[in-house]
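Working notes, beginning with the structure itself.
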Number of protein chains: 2
Amino acid sequence: MSEPLDPLAEILSSIRGSGRRVTEAKRRLAEVLVATTGHRTADELTTAVQVLSPEVSTSTVYRLLDEFEELGVVVHSHLGHAAAVYHLTGTVHGHLVCQRCEATVEIPAAHFDALSRELVTTYGFMLDRHHVAISGTCARCRESVAVTEHA
Amino acid sequence: MSEPLDPLAEILSSIRGSGRRVTEAKRRLAEVLVATTGHRTADELTTAVQVLSPEVSTSTVYRLLDEFEELGVVVHSHLGHAAAVYHLTGTVHGHLVCQRCEATVEIPAAHFDALSRELVTTYGFMLDRHHVAISGTCARCRESVAVTEHA
DNA sequence: TTAGATGCAAAGACTTTGCGCACTT
DNA sequence: AAGTGCGCAAAGTCTTTGCATCTAA
């Protein structure tokens, strides 16, 4: 049975499978990605990689993230005004991004099923479940707004 | 509430109402926004404003867009990897952004009603209908992919 | 008059690219 | 051995900021 293999091994083999080389930097980045929960900016990933291999440069991380994205290993989203965030493709989910406190919450992609069907039917548009990012106001901030207004 | 006044006059009066000054640059930007359909980047808006008043600078346009956004006159979204796009608040809608061809389609915010209810109920998260941007693949690109694969 | 608004230019944040050496295969 | 991949540094976008000047009120 092809159980969910070691995700790290999967990444490396999809690199090899594409005819590219497996290098120190790629291995490190893959390790960091596998060990990571949630979203990380290219800069955060670089810092994490450099803990393991200090000589790896930012530009390499950007190049590798592009490569990994072509291979379908990672996806990135632009959640706010700031840097793009990356995460492994495995975790299919959407993002709720609070405009006030910038907190982001990951939610199951299932929430988008109905919308997805609607958009395909109406516009022929196939929503990408990896990339959904919804802006709004989170529960906590809504409370504080309410409190403020009542005060 | 009164009739939908001249939108330009509304913008200017909300500037005055906030205690700020109405200037040449603000008037021009407001004119351009009102005359504009769809989304424009800060750069496009600057170019358009400069047709009317060549001395208005990019930095001013950025500052004014911030100010207009605070006043609730415009909103901006980050549709893709590129520059943010701005449009008047009046037109409440969502965006479908194609990842292959970068085309963006505006759709009625009503599509998000169900999702919106679901997110409030489940997460206490209030979706901002002005900011919704959904990534995916548009009808045309889906066709060309299909053709390619069959060839 | 006078504090806010602007133009200009420089700085900043994030990302991409050119080049020659190193390392994977 | 051969050519991909890498580090470094510079360049490129998009956006923000400092400051002296100008102007709306």
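Proteins get letters first, then strands, A, B, ... in listed order; numbering begins at 1 in each.
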Worksheet item: Mind checking whether A:V105 and A:H95 have side chains closer than 4.5 Å, heavy atoms only?
Response: no
Discussion item. With heavy-atom distances below 4.5 Å as the criterion, would you say the side chains of B:E118 and B:T121 are in contact?
Written reply: no
Would you mind reading off the distance between [X] atom [atom1] and [N] atom [atom2], rounded to a whole angstrom?
X: B:I15; N: C:dG4; atom1: CD1; atom2: P; result: 16 Å
X: A:Y86; N: C:dC14; atom1: OH; atom2: P; result: 12 Å
X: A:R28; N: D:dC6; atom1: CZ; atom2: C1'; result: 15 Å
X: A:H78; N: D:dT13; atom1: NE2; atom2: P; result: 17 Å

Fill in: No-hydrogen, no-angle side-chain donor-acceptor test under 3.5 Å, B:T137 and B:R100
no
Worksheet item: Who passes side chain to side chain contact (heavy atoms under 4.5 Å, CB included) against B:S13, sequence neighbours left out?
Response: none
Discussion item. Can you list everything that forms a side chain to side chain contact (heavy atoms under 4.5 Å, CB included) with B:E70? Sequence neighbours excluded, please.
Written reply: B:R20
Worksheet item: Once you build an axis from the first five pairs and another from the last five of the helix from C:dT1-D:dA25 to C:dT25-D:dA1, how far apart in angle are they, to 10 degrees?
Response: 30°
Practice prompt. Sugar-phosphate atoms are those with a prime plus P, OP1 and OP2; base atoms are the rest. Using that split, label each nucleotide of nucleotides 20-25 of chain C B, S or - for protein heavy atoms under 4.0 Å, 5' to 3'.
Written response: ----BS
Worksheet entry | Whether A:E31 side chain and A:L8 backbone form a donor-acceptor pair below 3.5 Å | no
Worksheet item: Are any side-chain N or O atoms of A:T41 and backbone N or O atoms of A:A84, one a donor and one an acceptor, separated by less than 3.5 Å?
Response: no
Response to the item:
Across all chains, not counting sequence neighbours, the side-chain hydrogen bond (donor to acceptor under 3.5 Å, both in side chains) partners of A:T60 are A:S57
Worksheet entry | Validation row, ring centre A:H39 to ring centre A:H87 under 6.0 Å | yes
Worksheet item: A:H76 and A:F68: aromatic ring centres closer than 6.0 Å?
Response: no
Item to complete: Could you identify which residues of residues 40-72 of chain A place a heavy atom less than 4.0 Å from some atom of DNA chain D, listed by residue number, or say none?
Response: A:E55, A:V56, A:S57, A:S59, A:T60, A:R63, A:L64
